[in-house]
Amino acid sequence: MSELKALLFDVDGTLADTEKEGHRVAFNRAFADAGLDWDWTPELYGRLLAVTGGKERIRYYLSDFKREFTLPANLDEFVRGLHAAKTEHYTRMLAEGAIPLRPGVRRLLAEARDAGLRMAVVTTTTPANVEALLTHAIEPDAMDWFDVIAAGDIVPAKKPASDIYVWAMNKMNLTPADCIALEDSRNGILSSFGAGVKTIITTNDYTHDDDFSGAVIVLDQMGEPDRPFSVLAGDAGGATYLDLNLVRRLHSA
Ligand code: XBP
Ligand code: MG
């Protein structure tokens, strides 16, 4: 097994709990701006998360939940417009500090950076959203912490396809054996594990019942020294929070 060289981080649900009080709310604000009475409740949004990508999710809503809606002549433009407005709302919310990082994320990022490990973001979300989260929730130059930001429409096939992981590793000139991924969802692990990358899962409210077959460990959170994680599957070897030591052990196991 090769030595661990890079950590590949998913964003939504992994670095921060962005979906329920972030993306969902931003979608609803964009719908209201456009004069639409669509209301994506927390429960409905959980079902819509089956499809990754905001534009793709709007189309999924129209095709599977809102069939009675009369589609506009130019559907592509309509969806693009709604999604651009949603991105405006979402990035503004992040700039206002509405969404903090999940427990342990800042600590692990800092530890990996200090240890000289390479890091990348591998996500389906829009690049502007990644920048807003990193710069506001971590620090103004946090984009520089990452070698590669693989995000949004860079690859046409979003997660659960593996294309975004393959793209990121190619860019970094790394093989799957050099890396470990951190994900929160079934679609995420299908993408990372499908690319051959060992994957650590931290679950959240929307994903705790997902099938995480193939994960090296499933935790409820990364945890902190004074805030232990719960191990939902796998073996943490007595550790109580996710630090680089445990990441390396999981990578070489
Ligand atoms: C994240 C997503 C994204 C966000 C919305 O999945 O599915 O679509 O919900 O972002 P993952 P955009 O955590 O697996 O990357 O609206 O910018 O697409
Ligand atoms: Mg995710």
Side-chain angles (χ1 to χ4, degrees), residues 7-31 38 40 42 44-61 79-94 98-99 101-102 105 120-134 146 148-168 181-195 197 199-212 215 218-222:
L7 305 188
L8 311 180
F9 288 93
D10 171 52
V11 175
D12 296 300
T14 300
L15 295 187
D17 243 324
T18 50
E19 296 291 7
K20 197 193 297 178
E21 302 308 331
H23 290 293
R24 183 187 68 87
V25 173
F27 278 113
N28 282 332
R29 288 183 185 167
F31 301 152
W38 307 351
W40 286 7
L44 170 61
Y45 195 70
R47 293 200 277 159
L48 294 171
L49 283 173
V51 170
T52 66
K55 295 188 287 291
E56 293 81 355
R57 192 167 298 143
I58 293 170
R59 286 174 177 278
Y60 176 50
Y61 174 66
V79 170
R80 259 202 314 273
L82 281 177
H83 189 251
K86 176 257 166 178
T87 300
E88 285 286 318
H89 281 294
Y90 181 71
T91 52
R92 196 174 316 129
M93 290 168 75
L94 290 176
I99 315 244
L101 298 176
R102 294 191 64 190
V105 169
V121 158
V122 185
T123 176
T124 64
T125 203
T126 302
N129 299 345
V130 179
E131 181 165 0
L133 181 74
L134 297 183
F146 299 86
V148 164
I149 306 281
D153 299 324
I154 280 177
V155 294
K158 295 186 176 174
K159 298 177 187 177
S162 295
D163 304 34
I164 193 76
Y165 274 95
V166 172
W167 188 92
L182 294 102
E183 280 281 358
D184 72 300
S185 70
R186 169 95 180 135
N187 280 329
I189 192 171
L190 284 172
S191 177
S192 56
F193 195 55
V197 183
T199 304
I200 295 169
I201 294 288
T202 49
T203 64
N204 56 57
D205 281 356
Y206 275 132
T207 66
H208 55 71
D209 291 330
D210 282 7
D211 173 2
F212 291 118
V218 182
L219 307 168
D220 68 330
Q221 55 170 318
M222 293 183 192

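Order of appearance sets the numbers: ligands from 1, and atoms from 1 within every ligand. Any value given below was found using the heavy atoms of this structure, including those in side chains, with hydrogens, waters and symmetry copies removed. Owing to the predicted nature of the structure, the values given are computational and were not obtained by experimental measurement. This chain uses plain numbering: 1 for the first residue, then up along the sequence.
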Under 4.0 Å from a heavy atom of [X]: which atoms of ligand 1 are those, numbered in the order shown and with their elements?
| X | value |
| --- | --- |
| Thr123 | 15 (O) |
| Asp10 | 11 (P), 13 (O), 14 (O), 15 (O) |
| Asn129 | 17 (O) |
| His83 | 12 (P), 16 (O), 17 (O), 18 (O) |
| Glu19 | 1 (C), 2 (C), 4 (C), 9 (O) |
| Arg57 | 2 (C), 3 (C), 4 (C), 5 (C), 7 (O), 8 (O), 9 (O) |
| Gly53 | 2 (C), 3 (C), 7 (O), 8 (O), 18 (O) |
| Tyr45 | 9 (O) |

### Distance from atom 10 (O) of ligand 1 to nearest protein heavy atom, with residue and atom
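Result for atom 10 (O) of ligand 1: Thr125 OG1, 2.8 Å.
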### Query
atom 14 (O) of ligand 1: which protein heavy atom is closest, and how many Å away?
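It is Lys159 CD, 3.4 Å.
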Are the side chain of [X] and the backbone of [Y] linked by a donor-acceptor contact shorter than 3.5 Å?
| X | Y | result |
| --- | --- | --- |
| Ser192 | Val197 | no |
| Arg102 | Gly13 | yes |
| Ser185 | Gly188 | yes |
| Thr91 | Thr87 | yes |
| Lys20 | Tyr206 | no |
| Arg57 | Val51 | yes |
| Asn28 | Trp40 | yes |

### Query
Are any of the heavy atoms in Val11 under 4.0 Å away from ligand 1?
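No.
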Could you say whether the N/O atoms of [X] and ligand 1 ever approach to under 3.5 Å?
| X | answer |
| --- | --- |
| Asp184 | no |
| Lys86 | yes |
| Gly54 | yes |
| Asp12 | yes |
| Lys55 | no |
| Thr126 | yes |

### Task
Go through the steps for Asp10 and Leu182 under the test side-chain contact (heavy atoms from CB on, under 4.5 Å), then give the verdict.
CA-CA 6 Å; Asp10 171 52; Leu182 294 102; over 6 Å; no
The Mg ion (ligand 2) - name of the N/O/S atom of [X] that sits closest to it:
| X | result |
| --- | --- |
| Asp10 | OD2 |
| Asp184 | OD1 |
| Asp12 | O |

### Task
Start with the C-alpha distance between Thr125 and Val130, add both sets of side-chain angles, then the distance that settles side-chain contact (heavy atoms from CB on, under 4.5 Å), and finish with yes or no.
CA-CA 7 Å; Thr125 203; Val130 179; 3.6 Å; yes
### Query
Going by heavy atoms in the side chains, are Asn129 and Lys86 under 4.5 Å from each other?
yes
### Query
Using heavy atoms and a threshold below 4.0 Å, how should the contact between Thr124 and ligand 1 be classified: side chain, backbone, both, or neither?
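Both backbone and side chain of Thr124 come within 4.0 Å of ligand 1.
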### Task
Please step through side-chain contact (heavy atoms from CB on, under 4.5 Å) for the pair Met222 and Val105, ending with a clear verdict.
CA-CA 7 Å; Met222 293 183 192; Val105 169; 3.9 Å; yes
### Task
Begin from the C-alpha positions of His23 and Tyr90 and carry the test side-chain contact (heavy atoms from CB on, under 4.5 Å) through to its verdict.
CA-CA 6 Å; His23 290 293; Tyr90 181 71; 3.4 Å; yes
### Query
In terms of the angle between their ring planes, are His83 and Phe27 parallel, tilted or perpendicular, with boundaries placed at 30° and 60°?
tilted
